Trainee: 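This structure is in structure tokens; I'll ask about it shortly.
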Number of protein chains: 2
Amino acid sequence: MSTTIKMIAHKLSLSVATVSKALADSHEISKETKLLVSNAAQEMGYVRNPYASSLRKGRSKTIAIVIPEIADSFFAEAINGIEEVALLQGYHVLIYLTHESLLREQAILQDFRSGRVDGILMSVSEETNDTEHIKTLMESQVPVVFFDRVCEELNTTCVVTDDFESSFIATNHLISKGCSKIAFMGNSINLAINRNRVNGYIEALKQNGLSDYQNVVICGKDKEISQQIFADLLSGPERPDGMILSVEKLSAMLYQICEDMMIDIPSQLKVLTFTNFNMAQFLSPSLTTVKQPAFQMGKVAATALLRKLSFNNTLAEPETVILPSVITFRKSTS
Amino acid sequence: MSTTIKMIAHKLSLSVATVSKALADSHEISKETKLLVSNAAQEMGYVRNPYASSLRKGRSKTIAIVIPEIADSFFAEAINGIEEVALLQGYHVLIYLTHESLLREQAILQDFRSGRVDGILMSVSEETNDTEHIKTLMESQVPVVFFDRVCEELNTTCVVTDDFESSFIATNHLISKGCSKIAFMGNSINLAINRNRVNGYIEALKQNGLSDYQNVVICGKDKEISQQIFADLLSGPERPDGMILSVEKLSAMLYQICEDMMIDIPSQLKVLTFTNFNMAQFLSPSLTTVKQPAFQMGKVAATALLRKLSFNNTLAEPETVILPSVITFRKSTS
DNA sequence: TTGAAAGCGATACCAA
DNA sequence: TTGGTATCGCTTTCAA
């Protein structure tokens, strides 16, 4: 049985009210009493029951991270950034994975209507084409801050990177290296992030008169299907000579397929990936990357959310923060 | 304001007790009433307040993951496995990072004395040489299950991989490839996992009469210091011709240093890493790895913890589950 | 400066 | 099968 305020009160012959206030460092309580209480608390190993506190206060000092997956260096790093900020402000962090399923995402957000969390940091799933579940939650005063995979149509704070520009630069880079048939491998078209990257790609093609070969390929979450798509594309008549991978895990897949099909990177196919992966430089061939500022994005998103919470979700107007990605040219596109 | 049991009761002219029982699918309640209640709940968008429930029941249906870091493919995958099991059984998952700090680990566990979580899944920090904080928690009936970085001296369930054997095989492999001066780069000697690996290494050296060059190097969490240690080791008179990296992130560091110092892998130095990393095969040179079954370890650990919880932490005797790692030989040790 | 008491929402005991 | 009510531990208002 853990120590309660009541026990402390009993021991010191004080009321629970006084003890509660003392522990909260209320100005109504005398210095001496505070000292007495905090000593007793220390000694008795008292830790405030968070559930009683949450129930009473209507706030849980807990936030949720809702993301598609975790075995991805971007999300792992972003969590790192979020955790750092949360810890500093005394918040606890619940983690939920949607595994790219809208149904799961809906179920998770549905649960949040219970008041389990004070706010949410979220990157939507590939399947999220309907945002009612998110809207509903926001309407019931649970602030949501998006990062990376945002919903642009929802009026709230978003933390993203410069997807259009990065993609534009990346495409131009491939073109400058002699590519004329560049394929863009993305995930769901539902995602604004993907649309922005696609648009950057298309714009670059257009400016270079290469729109004849405009090839946006959607690879879903299913690994086998993606592999088949790659294999078909690379063995087809109109084989690309350049590829932009919008999803980290496609890199390993493509490297494998190229090895199997004996396609040389970069001489036969130039490749570039949007990833946060820190070993790109040591791959064979070393991989040209657009590296997102994952840690920073996590920090900024968490900071924005906690600010909303401390301002009681008022006067914090929605904003879009754009943090720059860094493109590093390596052998895979040389 | 979210819907409460009281509101449902009011709407249906029932008592809160009845509604509560109906929602819990109690046998005391008639089929008709249950249907009535569940319909109303659905319609009103009712979600049980978890904090009120936890307060009353003394259980939170929440577990914590306490790990050193998250930007590491092992831990990321392990979380994946944990989350899967937790979700299936209706548990929520709080995540805490110690960043290899004992102080932080103690503070986190201290908080758990509040009843915030029903159980804990944990991999200890490098600095954890004192386990009082863990013992205290276990004594207050909060079950702890260790995975990967376990505390062998604490009497509870541990999920590990075959560290001694893997390390033994790995060392023998290097020896069979002609190495005679093999260095073992580990993290804290506090960690049983590290000791087991070191012992496997030492045993292999001994059996091959190579104990003259027995070199266990401790790289802490500080990146600069580790780099210096590597640089010194590789520029010293007794430069090793083989290296076992016990920590994933040392791989990138070593590849970089070898590039800078123009040391060729594998001709001048053979390298092998304990990692869960899925692109090892595409590194240059491709990296020989001991791959831990991270996802599976997460699943097994979570399953064990939840079983303890459902059995009220009785009759679940402590056990040690050993899941095998897979060693894959590649160019870095050829 | 301190204390009594109501109440957060759900659960569980006991009574009807 | 249903309902009244005490209770979980803490916070907060109001009174002393």
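We name chains A, B, ... by the order of the sequence lines, and we start the count at 1 in each one. Values reported hereafter were calculated over all heavy atoms of this structure, with side chains retained and with hydrogens, waters and symmetry mates removed. Predicted, not measured: the structure shown is a model, and the values here were computed from it.
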Trainee: Using a cut-off of 4.0 Å on non-hydrogen atoms, how would the nucleic acid contact of A:Ser54 be classed: base, sugar-phosphate, or nothing?
Mentor: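 No contact.
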Trainee: Find the distance A:Lys31:NZ to C:dT2:C1' and express it as a whole number of Å.
Mentor: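 These atoms are roughly 17 Å apart.
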Trainee: Of all residues at least two apart in sequence or in a different chain, which pass the side chain to side chain contact (heavy atoms under 4.5 Å, CB included) check with A:Leu323?
Mentor: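 Expected list: A:Val159, A:Pro293, A:Gln296, A:Met297, A:Val300, A:Val321.
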Trainee: Taking only side-chain nitrogens and oxygens of B:Thr33, does any of them come within less than 4.0 Å of OP1 or OP2 of D:dT1?
Mentor: no
Trainee: According to the ring-ring contact (aromatic ring centres under 6.0 Å, His included) rule, which pairs have a member within residues 105-140 of chain B, sequence neighbours left out?
Mentor: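 Every pair satisfying ring-ring contact (aromatic ring centres under 6.0 Å, His included) with a residue in residues 105-140 of chain B: B:Tyr96-B:Phe112.
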Trainee: Need the bend value for the helix from C:dT1-D:dA16 to C:dA16-D:dT1: angle between end axes, 5 pairs each end, nearest 10°.
Mentor: 40°
Trainee: Output all residues satisfying salt bridge (charged side-chain N to carboxylate O under 4.0 Å, His left out) with B:Lys57, sequence neighbours left out; order by chain, then residue number.
Mentor: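 Testing B:Lys57 for salt bridge (charged side-chain N to carboxylate O under 4.0 Å, His left out), a comparison that skips the adjacent residues, returns none.
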Trainee: If a pair satisfies salt bridge (charged side-chain N to carboxylate O under 4.0 Å, His left out) and one of its residues is in residues 93-107 of chain B, list it, with sequence neighbours excluded.
Mentor: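 Qualifying pairs: A:Glu83-B:Arg104, B:Glu100-B:Arg149.
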Trainee: Go through the structure and list residues passing side chain to side chain contact (heavy atoms under 4.5 Å, CB included) with B:Ala192, not counting sequence neighbours.
Mentor: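 Side chain to side chain contact (heavy atoms under 4.5 Å, CB included) list for B:Ala192, sorted by chain: B:Val150, B:Glu152, B:Arg195.
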Trainee: Answer yes or no: is there an ion pair linking B:Glu127 with B:Lys221, defined by an N-O contact shorter than 4.0 Å?
Mentor: yes
Trainee: Check the distance between C:dT1's P and A:Lys34's NZ and give it to me in whole angstrom.
Mentor: 9 Å
Trainee: Nearest whole Å is fine: how far is D:dG3 P from B:Ile8 CD1?
Mentor: 14 Å
Trainee: I'd like to check the side chain to side chain contact (heavy atoms under 4.5 Å, CB included) partners of B:Asn49; sequence neighbours left out, ordered by chain and number.
Mentor: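 Only A:Leu55, B:Tyr51, B:Ala52 meet the side chain to side chain contact (heavy atoms under 4.5 Å, CB included) criterion with B:Asn49.
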Trainee: Quickly work out the A:Arg59 CZ to D:dC10 P distance and round it to whole Å.
Mentor: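 Atom-to-atom, A:Arg59 to D:dC10, this comes out as 16 Å.
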Trainee: Can you list every ring-ring contact (aromatic ring centres under 6.0 Å, His included) pair that touches residues 15-47 of chain A, not counting sequence neighbours?
Mentor: none
Trainee: In B/S/- notation, 5' to 3', how is nucleotides 9-16 of chain C contacted by protein heavy atoms closer than 4.0 Å?
Mentor: BBBBBB--
